[in-house]
Each structure stands twice: as C-alpha cells, then as structure tokens.
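What's counted below: heavy atoms across the whole structure, side chains too, no hydrogens, waters or symmetry copies. Position 1 is the first residue of the sequence, and the numbers go up from there. Atoms within each ligand, like the ligands themselves, are counted from 1 in listed order.
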Amino acid sequence: MRIGVIGAGRMGAILARHLAKRGHHVSIANSRGPESLTALAAEIGATPVSVGDAAKAGEIVIIAIPTKAVADLPRTLFAEVPSSVVVIDIGNYHPELRDGRIDAIDRGMLDSQWVAQQIGRPVTKAFNNILAKSLLENGVPRGTKGRIALSVFGDSLDAKTAVLRLVDDLGFDPVDGGDLDDSWRQQPGTPAYCQDLEAAALRRALAEADRSRIAEYRAEREARIRRDIAAQTPSGLARQ
Ligand SMILES: NC(=O)c1ccc[n+]([C@@H]2O[C@H](COP(=O)([O-])OP(=O)(O)OC[C@H]3O[C@@H](n4cnc5c(N)ncnc54)[C@H](OP(=O)(O)O)[C@@H]3O)[C@@H](O)[C@H]2O)c1
C-alpha cells in the first residue's frame, strides 16, 4: 500500500520502518521539511516529503505528532485528499507533560474526536496504546503464542478493516474496539493502555474502563510518567 506518515519521531519512524520493511511504499514528513529527513528516510527505506505531500501520499495517512501540534497543521491539509483515504490518529493528549491545556478535551471531547475536528476529517484511532519500544521490538507472526493485541476504534467499517489489517501486518493481533465514541477506553491510564495484553485480556481491560474516570486515568498516567522520568526508568524515558 501507499502510506503517508506525518511525524518522524519515535512512533512515526518506527511505523515507517516496519511498514517499509513489509513492502509498503512509505512517505514520511516532519515539521522541518524533507531535507531534514534524508538520512532517516534512506535508512528505513521511505521517501522524505513535505507534510502536504504526506497527506496526499497514500491510501493510508498516519498522524504521529504531539496532540498540541495537530492544531498547527494546515487547515486545508486534507481538502484535496479523497474521502476513501484512511487517516489514523495515534496521538495521546498529555496536558501537563507536553501539550498544555486543550479546553475542548478538558471539557470532555475525546482525544481523537478533537483531532478529527482539527483536521476536518474522520479518523481511526490505533497504535496510541503501545509504547514505542514494544512497537519496535514485539511484533510477531500471526499464531505466535503470547502475541500482543492492539485495539482499533473508528466509525467507518472500511477504514477500520484496513487499519485492523495493518495491525496484523505489523505483528499484532487486531481487536475491533468499537466506534470512535468508545475510543476513551484506550486513552492514557485506562486499564487497556500500553499493557501489552493478549486479545482476550485486552477485550476484558477495554470493557473494565470507566468513562467517568477519563481525566483521572490521564492524570494518574502523567503522574506516573513524571515519577518514572525522575527515577530515569525506561517507561518514563519512552514517554508515550
Ligand atoms: N512514544 C511513545 O511510546 C508513544 C506511544 C503511543 C503513542 N504516542 C503518541 O504518538 C505521537 C507521537 O509521539 P512520538 O513519541 O513519536 O513523538 P516525538 O518523538 O516527539 O516526535 C514528534 C514528531 O512530530 C513531528 N511534528 C511536530 N509538529 C509537527 C507539525 N506541525 N507538522 C509535522 N510534524 C510535526 C516532529 O517533527 P520535528 O522534529 O521536525 O519537529 C517529530 O518528528 C504523540 O501524540 C504521542 O503521545 C507515543
């Protein structure tokens, strides 16, 4: 498939690397322009492009940038992109650690609903609930015992089917979590968040989550990351 990746940090580069290795044609962009990505792109087998070209690059476009940066993307980014193109949001809102306060999310809008509103396009939520290190190292072929499962949320069945296929392709068991309105079940700090669970355990953890605790889950997760950073442990340094 032709896949555009917007964001070339930890997550964007890992996704691009794995996708290119699996034979997809990957275009990758960051905020500083394609020239800054020449070496990385050559190393991982992707094409360095501008953000605008990444949005137009493929059948799938992955948004892998900090949540606050989504507001800086050009308003017309997807204006000429066919509606059949699947847009994946992998972001997590971290108000205290990185993003600053985003009022709409603080008032109850879900992370990915806010992203969809900003870019003027429906999104499918995936890959936000696995740490970069695990995404890099833990994908295994279908049928392998202990294979980690990743859930996907979205309102378009066609888009979700494409993303579920991509999850499997990358070495993880795909789990359809439901509509985008249920994607809070894998936002930061929920029982299913970044736990590297197998499919049955992941479904149980998603079901266990309590919608009234979204803000509390997030605050607990941020507090934990802050403690881990202070202690210099790996989960703190790989800040999701
Ligand atoms: N790290 C994890 O373990 C993890 C796991 C799951 C989900 N996530 C989520 O995935 C997203 C990306 O995380 P990350 O860890 O990969 O971040 P990161 O390492 O900080 O990389 C961020 C990337 O976004 C690019 N960027 C920033 N603003 C941009 C803009 N306006 N236009 C285009 N590109 C822009 C940056 O490009 P420049 O360097 O050129 O500015 C950089 O390549 C975040 O929402 C994060 O919460 C992270």
Per-residue contact class, Ala64 against ligand 1 - non-hydrogen pairs under 4.0 Å: backbone
Could you list which atoms of ligand 1 come closer than 4.0 Å to a heavy atom of Leu73? 32 (N)
How about Arg142: does its CZ atom have over 12 heavy atoms from other parts shown lying under 6.0 Å from it? no
Which segment of Lys133 sits under 4.0 Å of ligand 1 when only heavy atoms are counted: neither
Part of Ile65 with heavy atoms under 4.0 Å of ligand 1, whether side chain, backbone, both or neither: both
Looking at Gln187 and Asn92, would you say the former's side chain and the latter's main chain have a donor-acceptor pair under 3.5 Å? no
Any idea which part of Asn129 is under 4.0 Å from ligand 1, heavy-atom wise: side chain, backbone, both or neither? neither
If you measure every N/O of Val51 against every N/O of ligand 1, is any gap under 3.5 Å? no
Criterion salt bridge (charged side-chain N to carboxylate O under 4.0 Å, His left out) on Arg224 and Asp228, from CA distance to verdict: CA-CA 6 Å; Arg224 184 176 147 196; Asp228 288 349; 3.8 Å; yes
Heavy-atom contacts with Ile90 under 4.0 Å: which atoms of ligand 1 show up? List them by number with element. 7 (C), 8 (N), 9 (C), 10 (O)
Within-cut-off N or O pair, Asp72 and ligand 1, under 3.5 Å: no
Under 4.0 Å to a heavy atom of Asn128 - the qualifying atoms of ligand 1, by number: 6 (C), 7 (C)
Can you tell me if Asp99 uses its side chain to pair, donor with acceptor, with the backbone of His94 under 3.5 Å? yes
